[in-house]
Q: 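I'd like to ask you about the structure that follows.
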2 protein chains.
Amino acid sequence: MAVDTGVLGLEILELETLASILKALADPNRLRVLDALMAGDSCNCELNERLGLAPNLLSHHLRVLRKAGLVSARRDRIDGRWIYYAVNETAVTQCRIALNTLLDPARIQPRPILCGPEGQTNS
Amino acid sequence: MAVDTGVLGLEILELETLASILKALADPNRLRVLDALMAGDSCNCELNERLGLAPNLLSHHLRVLRKAGLVSARRDRIDGRWIYYAVNETAVTQCRIALNTLLDPARIQPRPILCGPEGQTNS
DNA sequence: ATAATAATTCAATCTCTATTGAAGTAACGG
DNA sequence: CCGTTACTTCAATAGAGATTGAATTATTAT
């Protein structure tokens with residue numbers, strides 16, 4: 001999880017890193033998976049029942065989310081066949097902060113056009 | 001811009017709509033473009049100078065952002081050859097709210113496992 | 001009309017990715 | 001050891017998307 005001042009001078013995450021996390025989020029099925037995990041840890045089969053997605057497809061999406069750092073996995077203490085997935089709260093929060101910074105309406109400047117004919121009248 | 005109660009019962013945007021907006025955001029170059037536009041309206045050529053991206057590539061990315069509703073375009077009043085791009089504040093805000101809702105840490109439930117052997121001890 | 005300018009569209013390429021079905025792993029129970 | 005269970009990985013397909021260079025549109029200036 002790359003953390004620095006960022007290209008924008010505002011972001012917690014690098015622009016490239018933020019883009020890759022957004023890529024992981026930018027899928028309806030993965031949003032559903034993440035939303036389901038927000039309500040509590042789940043195994044593959046429970047997600048299967050709740051979301052109606054094939055186990056191997058869930059595996060794929062869970063791997064993408066895990067690769068992005070948004071989700072973590074652990075095996076059942078009693079029966080190692082079961083794997084429980086959980087939301088990585090710190091990653092989610094970092095993502096949230098980065099997006100709130102980037103998309104902050106206060107950053108939208110009504111700066112006059114600087115290029116083009118209209119811009120000439122605003123110099 | 002589809003607006004309703006949403007699949008999650010919490011979102012302002014439909015899950016599918018949110019995913020498509022995130023897809024538009026999930027690219028480093030488009031994040032740069034959006035960030036540049038947050039600082040003020042720009043034409044293609046100014047973005048070209050500031051970001052070092054080819055005009056046709058910028059055109060492509062601007063179209064994606066526009067299709068997602070995040071950016072709007074208008075022609076110069078004096079010289080119609082120039083097109084100025086601007087951030088759509090309402091869309092950006094809606095996206096922000098939807099993400100803040102979805103990624104709200106307060107929604108992360110430490111719910112005990114319900115499936116698997118561990119779950120049996122939590123019934 | 002002709003040339004020049006700002007921007008878009010087209011065509012081609014290359015990569016990435018979501019999905020599906022089949023096969024493979026890992027772990028438990030008898 | 002054998003079968004079952006939970007999950008993953010593999011292979012194949014089909015579609016989407018980023019990038020580049022060439023051609024095109026729209027608008028203005030001469």
Side-chain angles (χ1 to χ4, degrees), chain A residues 15-16 19-34 41-68 71-86 113-120, chain B residues 15-16 19-33 37 41-68 71-86 113-120:
Chain A
L15 238 163
E16 309 273 345
S20 70
I21 292 178
L22 287 174
K23 238 176 203 170
L25 285 175
D27 178 275
N29 281 338
R30 282 198 289 273
L31 286 181
R32 280 184 206 107
V33 168
L34 191 70
D41 302 359
S42 279
C43 59
N44 189 316
C45 66
E46 192 182 14
L47 291 171
N48 174 326
E49 283 175 14
R50 292 175 53 151
L51 303 179
L53 299 175
N56 55 348
L57 184 54
L58 280 170
S59 236
H60 164 65
H61 287 309
L62 285 165
R63 184 162 73 157
V64 173
L65 289 171
R66 234 174 7 140
K67 226 175 166 183
V71 159
S72 62
R74 69 171 181 83
R75 284 193 182 272
D76 186 292
R77 273 178 270 113
I78 304 168
D79 185 337
R81 284 174 298 182
W82 301 68
I83 301 178
Y84 303 117
Y85 292 94
I113 303 291
L114 293 180
C115 59
E118 284 189 28
Q120 300 308 316
Chain B
L15 238 164
E16 308 273 346
S20 70
I21 292 177
L22 288 173
K23 237 175 206 171
L25 284 175
D27 178 275
N29 281 338
R30 283 198 288 273
L31 285 181
R32 280 184 206 107
V33 168
L37 292 181
D41 302 0
S42 279
C43 59
N44 189 316
C45 66
E46 193 182 12
L47 291 170
N48 174 331
E49 282 176 12
R50 294 175 55 153
L51 304 180
L53 299 176
N56 55 349
L57 185 54
L58 281 169
S59 238
H60 164 66
H61 287 310
L62 285 165
R63 185 162 70 157
V64 173
L65 289 171
R66 235 174 6 138
K67 226 174 164 182
V71 159
S72 61
R74 69 170 180 87
R75 284 193 182 271
D76 186 291
R77 273 178 272 113
I78 304 169
D79 186 337
R81 284 174 298 183
W82 302 68
I83 300 179
Y84 302 118
Y85 292 93
I113 303 291
L114 293 181
C115 58
E118 284 190 27
Q120 300 309 316

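Each chain gets a letter, A, B and so on, in the order the sequences are listed, and its residues count up from 1.
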Q: Could you tell me the separation between the CG atom of A/L62 and the C1' atom of D/dT9, rounded to a whole number of Å?
A: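 One finds 14 Å between C1' of D/dT9 and CG of A/L62, rounded.
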Q: Ignoring hydrogens and geometry, is there a side-chain-to-backbone donor-acceptor pair from B/D76 to B/I83 under 3.5 Å?
A: no
Q: Roughly how many Å is it from CG in A/L22 to P in D/dG17, rounded to a whole number?
A: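 To the nearest whole Å, that distance equals 15 Å.
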Q: Whole angstrom is fine here: how far is it from CZ in B/R74 over to P in C/dA6?
A: 17 Å
Q: May I have the distance from B/N44 (atom CG) to D/dA26 (atom C1'), rounded to whole angstrom?
A: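 One finds 14 Å between C1' of D/dA26 and CG of B/N44, rounded.
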Q: How many whole angstroms separate atom CG of A/L65 from atom P of C/dT17?
A: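 Atom-to-atom, A/L65 to C/dT17, this comes out as 13 Å.
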Q: Whole Å only: how far is the CG atom of A/L47 from the P atom of D/dA6?
A: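 Going from A/L47 (CG) to D/dA6 (P), I get 14 Å.
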Q: Sequence neighbours left out, what passes side chain to side chain donor-acceptor pair (under 3.5 Å) with B/H61? Give chain and number order.
A: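 Partners of B/H61 under the side chain to side chain donor-acceptor pair (under 3.5 Å) test: B/R30.
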Q: What string of B, S and - do you get for nucleotides 18-28 of chain C, 5' to 3', if B is base contact, S is sugar-phosphate-only contact and - is no contact with any protein heavy atom under 4.0 Å?
A: SBBBB----BS
Q: Kindly write out the residues that satisfy salt bridge (charged side-chain N to carboxylate O under 4.0 Å, His left out) with A/R81, not counting sequence neighbours, or none if the list is empty.
A: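 Salt bridge (charged side-chain N to carboxylate O under 4.0 Å, His left out) check on A/R81 returns A/D79.
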Q: Tell me: CG of B/N48 to P of C/dT5, nearest whole Å?
A: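 Distance, rounded to whole Å: 15 Å.
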Q: Among all residues two or more places apart in sequence or in another chain, which pass the side chain to side chain donor-acceptor pair (under 3.5 Å) test with B/N29?
A: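 Side chain to side chain donor-acceptor pair (under 3.5 Å) check on B/N29 returns B/R32.
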Q: Please enumerate all residues that pass salt bridge (charged side-chain N to carboxylate O under 4.0 Å, His left out) together with A/R75, with sequence neighbours excluded.
A: none
Q: To the nearest Å, how far apart are B/L25 CG and D/dG17 C1'?
A: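 Going from CG in B/L25 over to C1' in D/dG17 covers 16 Å.
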Q: Could you work out, with salt bridge (charged side-chain N to carboxylate O under 4.0 Å, His left out) as the rule, every residue matching A/R77, not counting sequence neighbours?
A: B/E118
